[in-house]
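What follows is a set of notes on a single structure, which appears directly below.
A note on names: the letters A, B, ... follow the listed sequences, proteins ahead of strands, and every chain is numbered from 1.
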Amino acid sequence: MVDQNMKILVVDDFSTMRRIVKNLLKQIGYQNIEEAEDGAQAYSKLKNGGFSFVVSDWNMPNMDGLDLLKKVRSDPELKDLPILMVTAEAEKEKVITAIQAGVNNYIVKPFTGEVLKEKMDKIIERLQAQK
Amino acid sequence: MSDEMEEIISEFITEAEESLDRIEPLFVELEQKGEDKDLLNDIFRSMHTIKGAAGFLGFQPIVDVAHSSENIMKKLRDGELPLAKELMDVILKSIDMLRLLLTHLKSKDGIEEDVSPLVKELGSALNNAMSKSGGALKTTQAAMPVEPPAQESGSPKAEVTIQGVHIPDPAFNIPDQTADIPQQKTETASVIENPEHAAEDIKQDLQPEENKLKAVEQASKNSPQKPKESAQNLRVDIERIDKVMDLAGEVVLVRNRLLNISNYFDMKYTNDPMTETLMETVSFLDRVTSEMQLAVMKIRMQPIKKVLSKFPRLVRDMSSSVNKDVELIIYGEGTEVDKSVIEHIGDPLTHILRNSIDHGLESAEERIAKGKPSKGNVVINIYQKGTQIVIEISDDGKGLDIDKLKKKAVEKGLITEEEAKRMSDEAATDIIFMPGFSTKDVATQLSGRGVGMDVVKTNISLLNGYVEVSTEKDAGTSFKICIPLTLAIIQALMVEVSGAKYAIPLSPIEETLKVSKQDINNITGQNVIVIRDKICPLFELNQLLGTDFNGHDDESGHKYVVVIAMGDKKFCIAVDKLLGQEEVVIKSLDGIDTASSNVLGATITGDGKVVFILDVTGMSRNLMGAGKN
């Protein structure tokens, strides 16, 4: 079962993008969404706890998505937090790097609510199956 | 279109424009600093982000332009291409196009720009640069944007093109090793044949730790909700802020009235205990109102950087087209000014800057001949002085040629020969602000477009500000612009003349004096007074406003005089009474020609009366113009 109330963190430096992703998440039934402007802000929010899912952009100032991912994975409290990375086609080469760093899945801009749901459900189902 | 969608689009436009504003000066910085990885990445990221968001919103032309531009940026960032002026030029072109596209979106004019020529240009610029930087690169990189093999299609990973595969940099830097690339390429490509499965595989390795996630999830559900930290920005429609601003203005007016009324009660019912409570309450309201007003004003304040960000690019483009080496130095770009100032100061500043570069600075040869460094300097200095914002634009060029100015002005019939002779050097510099004046015989494509410095002056006085110019031969020319901090609520001096009250904005007032009638002298028909050994023209407010109906002459033997200073020029306005200082809210008047009536607007005073606010800037323009004749 996918918990529609789980708290999701949307990380992107471009506020329009955060809003778009947030809207898509709401479209597919998620309500409990917070935002962060970059990896560093995201990390400190995550450390405060309560988040069950992260949708993060890759390319951001201060701390980018990959560094956030690495930081989360190396943090004993957070390392199992599912992270969905948002990329653009030009960054696909980095997907390998992200996979090696332990990303749960990636999604290519622009995407629809359905694709997002599909990706998220997949991640969550897989995690639950592994429990 | 849903409201939500509309809001997102308008947010996108604003944010994208801000991004462009931010990155544009970086290009100039880049050209100066050479290949700076951080700068390149910053520019790349902004382009990339705009593209991403535009993709969601279905703005295909923006996506296309940003994408092609980003392709070049990416190669620059990854060090695969050297920085070259041609590349900068096309990228800057693409920024111009993005701006244009955003403008169309904003105005909803439905105009569709054909971006394909630009996209082609960007593509060929990239290809040219690639082929220049080595044939080997061309075959492996530029010619590689091929679609992945067909049999891979069907699963998402098929979009992973070979072009995108990361190959260690050394292979690119050393052409001899290019032979290895195809092999590496295929290897890497096969690794990522199925990224999603790869992710799964990796996840499976991590399986023992999965239980912990459960625990974390459980814990997070049980733990009480942490207080929300939301120190984020909120984008608000300017109309809403203006509404708040308007209401704050109304509150100020009501507060002023209430202060008046409470003073009345205080005098009438001094012994009533409620009077004291009333006074206390009103004085609290007074304080809070002032604070609120300041807070609301701050919402509208923005760093002037926004306007200045396009200047480095402007200087760059100009210095190459007029063939002068120019350095632009900016101080105080963080100074905050009202939004309306941001909106209206751009054009005048651009015009002055262009003039400084085009007319002010000499060519490199001329400069060397004069013993100056070959590179010309233009300095923009912005700072706050009291309730005014001061913007100075100075160049170290040849300075204004006073004789030439006078001669031209006579030729153009702007002044007579007689006037030219009498005119002081200081007054002569003001010739450049006369309508229809331009010193260049042939207007260059840059600064002379039939629009002269007079427009600069007009624009600045629309902001209740003024501009003055000082110059020294071969040392340079300096423009100084002063603008009040805010336009909506101002401090004003209340005066009375012929029984009517008027408000004079406080910022240009230098002092007020009480002069006896004997001190007023008359020189060739102009009343003057002497203030600390300086002669200052004196005007009757009644005459200025044309309200001198009864021709009354009060017998008191003295007059109150308000000394107005506009830059280095001073003049005095004589009034019957000085009533004191008041905070007034400017309400614009419809149907009144404010330019010729010497009236800026109106306000409602503490006693509920409508009072005109005088336009001293306009007055000084009229008076000083008249003074020259």
Exercise. Tell me, do A:Asp64 and B:Arg45 make a side-chain contact under 4.5 Å, heavy atoms counted?
Worked result: no

Exercise. Rounded to the nearest 0.5 Å, how far does CZ of B:Phe56 lie from CE of A:Met17?
Worked result: 4.0 Å

Problem set entry | Spacing of CD belonging to B:Glu15 relative to CZ belonging to A:Arg18, to within rounding of 0.5 Å | 7.0 Å

Problem set entry | chain B contacts, top residue of A:Asn23, A:Ile123, A:Leu24 (heavy-atom pairs, under 4.5 Å) | A:Asn23

For this session: Count the heavy atoms belonging to other residues, nucleotides or ligands that lie under 6.0 Å from CD of A:Glu114, then report whether that count exceeds 12.
Result: no

Exercise. By a 4.5 Å heavy-atom criterion (distance strictly below it), what part of B:Ser19 contacts chain A: side chain, backbone, both, or neither?
Worked result: side chain

Exercise. Any side-chain heavy-atom pair from A:Asn59 and B:Phe44 closer than 4.5 angstrom?
Worked result: yes

For this session: For residues B:Ile8 and A:Thr16, report the shortest heavy-atom separation together with the two atoms involved.
Result: O-CG2, 3.8 Å

Problem set entry | Spacing of B:Thr49 atom OG1 and A:Asp12 atom CG [to the nearest 0.5 Å] | 7.0 Å

